[in-house]
Amino acid sequence: MTTHVIEAVDAPRRTRRSGIERRQQVGWLFITPFLIVFAVFLVFPLGYAFTMSLSSSTLAGGTQFVGADNYVKAFTDPLFLGGIRRVALFAIIMIPTQLGIAMLAALVIDSLSTWVSKLSRLLMFAPYAIPVVIGALMWSFLYSPRFGPAATLFDLVGLQTPNFLAAGSIFGSLVNVVTWQWSGYYMIVIYASLRAIDPAIYEAARIDGAGGLQIATRIKLPMISSSMVMVITFALIGTLQFFTEPTVLRSIASGSLPPEYTPNMYAYALAFSYSQFNYAATIAFSLGILVFIGSFGFLFLTRKQSGLK
Amino acid sequence: MTTTTLTTPRPHARAREGGRRLGSHALLVVLALYFIIPIWWLVVAATKSTGSLFSSPAFWFDNPAAFFTNVAGLFEHQGGIYWQWLANSFVYAFTAGIGATVIAVLAGYGFAKYRFRGRGFVFGMILGSVMVPLTALVIPTFMLLSQYGLINTAWAVILPSLLNPFGVYLMRVYIQDAVPDELMEAARIDGAGEVKTFITIVVPLLKPAIVTVLLLSVVGTWNNFFLPLAVLTNPDLLPVTVGLNRWLALSNAGAGGEQVWNLITSGAFISVVPLLLSFLFLQRYWQGGLTIGSIK
């Protein structure tokens, strides 16, 4: 008797709840187009590259399953390891340089509100609107001793013009190209998060006797740390994939930039110059894994600052 | 208020403040010069013949009318292929950009407003994929596309560019704040179906985010270099970035006949004009992508 009553009361409620639940499943319809693209152009290529990396093909023997052999070869290949070391060094030097400039500029621009600060904000951000290829192409002219624009500027301040494209200086020249292209973007990110801070906090600090520098280091920097973490993560992912700038500059400085200068360039050369597709897939996959581990490691170490869990 | 009354009687502090302002401005001017000089150089170099690129002062005009000779040269060299490249860039960037935006709006809405089973897991996977280096996908994608005979077609550039996990993330974050649940509930009570609610109620609320994601996707595809470099070899299909790089490599390597320095500088300048204009007029949206991301 009692069970009967309970069922009678329960029945309509259950159908209504399942109706709401059914509506929630409509969400799948909305995300389906993305999931298709995601599967076809991310999951599938990654899986395909992984499969390819497990075999080896020769003209004589055809395709053979070789297990982890290609990975053993990659992680003992001085050309690949040299490339990894180089992009790691780029990350260590380039990211702090760009962020230092960006942060300094953002703090200064945030503390002023004159037409000079507004104009320089716009001018600093402008290189971001220029495609990376075109930026690198422009710098290949500026560095070129044949055209000599950089020499003009160095003469102007009475300095000896260095050879930007020599083996010893190409590293610094590349750091400069990337710094020029991206610092403005980072400056805008930092500036935007500075603007989001409630100015009442500064007032309170000033009443407590804090100066401009103290406000900058004790209040502003800690409060923008979560957007800094985001910026550094993207910069890290981008730097480890370094490809476009050295590839463009190669046509003018091929002596200083070997085809295996960065891991991505190495994978490209293996695939398109030497037709070693299996090994190229191994290099690409290994790089992908390293970047993935690197960026997750970074996010893990900074989880306190970013507020991500 | 208190601070001003405190500092006014002290001229020292005032002077120090003034000095600091001057120093700040000097720093900004130096930085602005560093960032703008290369762009200024490009404007000047676009108006020079090859001869004056070598001989005249690098940062000032020589004979600006040479710009028109250069433009005419772009129409003549290799049958005007430069304009084909520019058109290709437009077609690839807008097809892929619009496609990626539509996909991102749909997915962002699905994630923001429906609590379907598996939502957390799928979204976590997408967030994680932002960390997957896209260039690591280029060579596998090349191999995949060549299996299906899509190498050397426009699809080889357009289809992989539809993938934009960051766009989905931006859209989800934006929709969560911009579309109140009550509004959707009201539309449902009025008898509108899910699709109708989405098109008539939700989409109009998303205009700023749509412009931002569209801009970022279009510019992203326009700037892409590695993918078209790998999947396109037919000169008629190249986007302008890869095409100009090809001219640069030929000019650096080649004999006199292949050296087209003046066409490279003027071609590069013409190709960045649309980007710089959109940058000036859509500044808000260029920055929007950054600020939407930092709301969370």
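If you're wondering where the values come from, they're calculated on a predicted model, not measured in any experiment. Here is the naming used below: chain letters follow the sequence lines, and residue numbers restart at 1 for every chain.
Within the 4.5 angstrom heavy-atom criterion, only side-chain atoms of A/I134, from C-beta onward, approach chain B. The contact between A/I252 and chain B is made by backbone and side chain atoms together, counting heavy-atom distances below 4.5 Å. For A/S144, no part sits under 4.5 Å from any heavy atom of chain B, backbone or side chain. In this structure, chain A has a heavy atom under 4.5 Å from the side chain of B/V272, while its backbone stays farther away. Proximity to chain B (any heavy atom under 4.5 Å) is restricted, for A/L35, to the side chain, taken from C-beta onward. Heavy atoms of B/F226 lying under 4.5 Å from chain A belong to its backbone as well as its side chain. Both the backbone and the side chain of A/Y268 come within contact range of chain B, each with at least one heavy atom under 4.5 Å from a heavy atom of that chain. A/A271 touches chain B through its side chain: at least one heavy atom from C-beta onward sits under 4.5 Å away, while N, CA, C and O do not. For A/V43, no part lies under 4.5 angstrom from a heavy atom of chain B. Within the 4.5 angstrom heavy-atom criterion, only side-chain atoms of A/T233, from C-beta onward, approach chain B. Contacts of A/D155 with chain B are absent, with no heavy-atom separation under 4.5 Å from either backbone or side chain. Of the two parts of A/F272, only the side chain, counted from C-beta on, holds a non-hydrogen atom closer than 4.5 Å to a non-hydrogen atom of chain B. Both the backbone and the side chain of B/I39 come within less than 4.5 Å of a heavy atom of chain A. Of the two parts of A/T244, the backbone and the side chain both hold a non-hydrogen atom closer than 4.5 Å to a non-hydrogen atom of chain B. With a 4.5 Å cut-off on non-hydrogen atoms, A/V37 touches chain B through its backbone and its side chain both. Of the atoms belonging to A/F38, heavy atoms from both backbone and side chain fall under 4.5 Å from chain B. Only the side chain of A/F243 comes within contact range of chain B, with at least one heavy atom under 4.5 Å from a heavy atom of that chain.
Of all heavy-atom pairs spanning A/F34 and B/P165, the tightest one is CZ-CA, 3.9 Å. Closest of all the heavy-atom pairs between A/F30 and B/G110 is CB-CA, 3.7 Å.
There is a side-chain donor-acceptor pair under 3.5 Å between B/K48 and B/S56. In summary, the side chains of B/Y169 and B/N164 do not present any donor paired with an acceptor at a separation below 3.5 Å, with no hydrogens or angles considered.
Note on B/L280, B/T141, B/L137, B/L276: by heavy-atom pairs under 4.5 Å with chain A, the leading option is B/L137. For the options B/L144, B/L275, B/L42, heavy-atom pairs under 4.5 Å to chain A are most numerous at B/L144. Contact tally against chain A (heavy-atom pairs below 4.5 Å) for B/A107, B/G118, B/S271: the top residue is B/A107. Counting heavy-atom pairs under 4.5 Å between each of B/M143, B/R117, B/M125, B/K113 and chain A puts B/M143 at the top. The choice from B/A268, B/P38, B/A58, B/P57 that makes the most heavy-atom pairs within less than 4.5 Å of chain A is B/P38. Taking B/L248, B/I36, B/I264 one by one and counting their heavy-atom pairs under 4.5 Å with chain A, the maximum is reached by B/L248.
Considering only residues two or more places apart in sequence or on other chains, B/R119 meets the salt bridge (Lys or Arg N to Asp or Glu O under 4.0 Å) condition with none of them. Remark: B/R188 pairs with B/E185, B/E194 by the salt bridge (Lys or Arg N to Asp or Glu O under 4.0 Å) rule, at least two apart or across chains.
Note: A/S120 OG to B/Y34 OH = 15.5 Å, rounded to the nearest 0.5 Å. Interatomic distance, CG of B/L31 versus CG of A/L123, reported as 11.0 Å (0.5 Å rounding).
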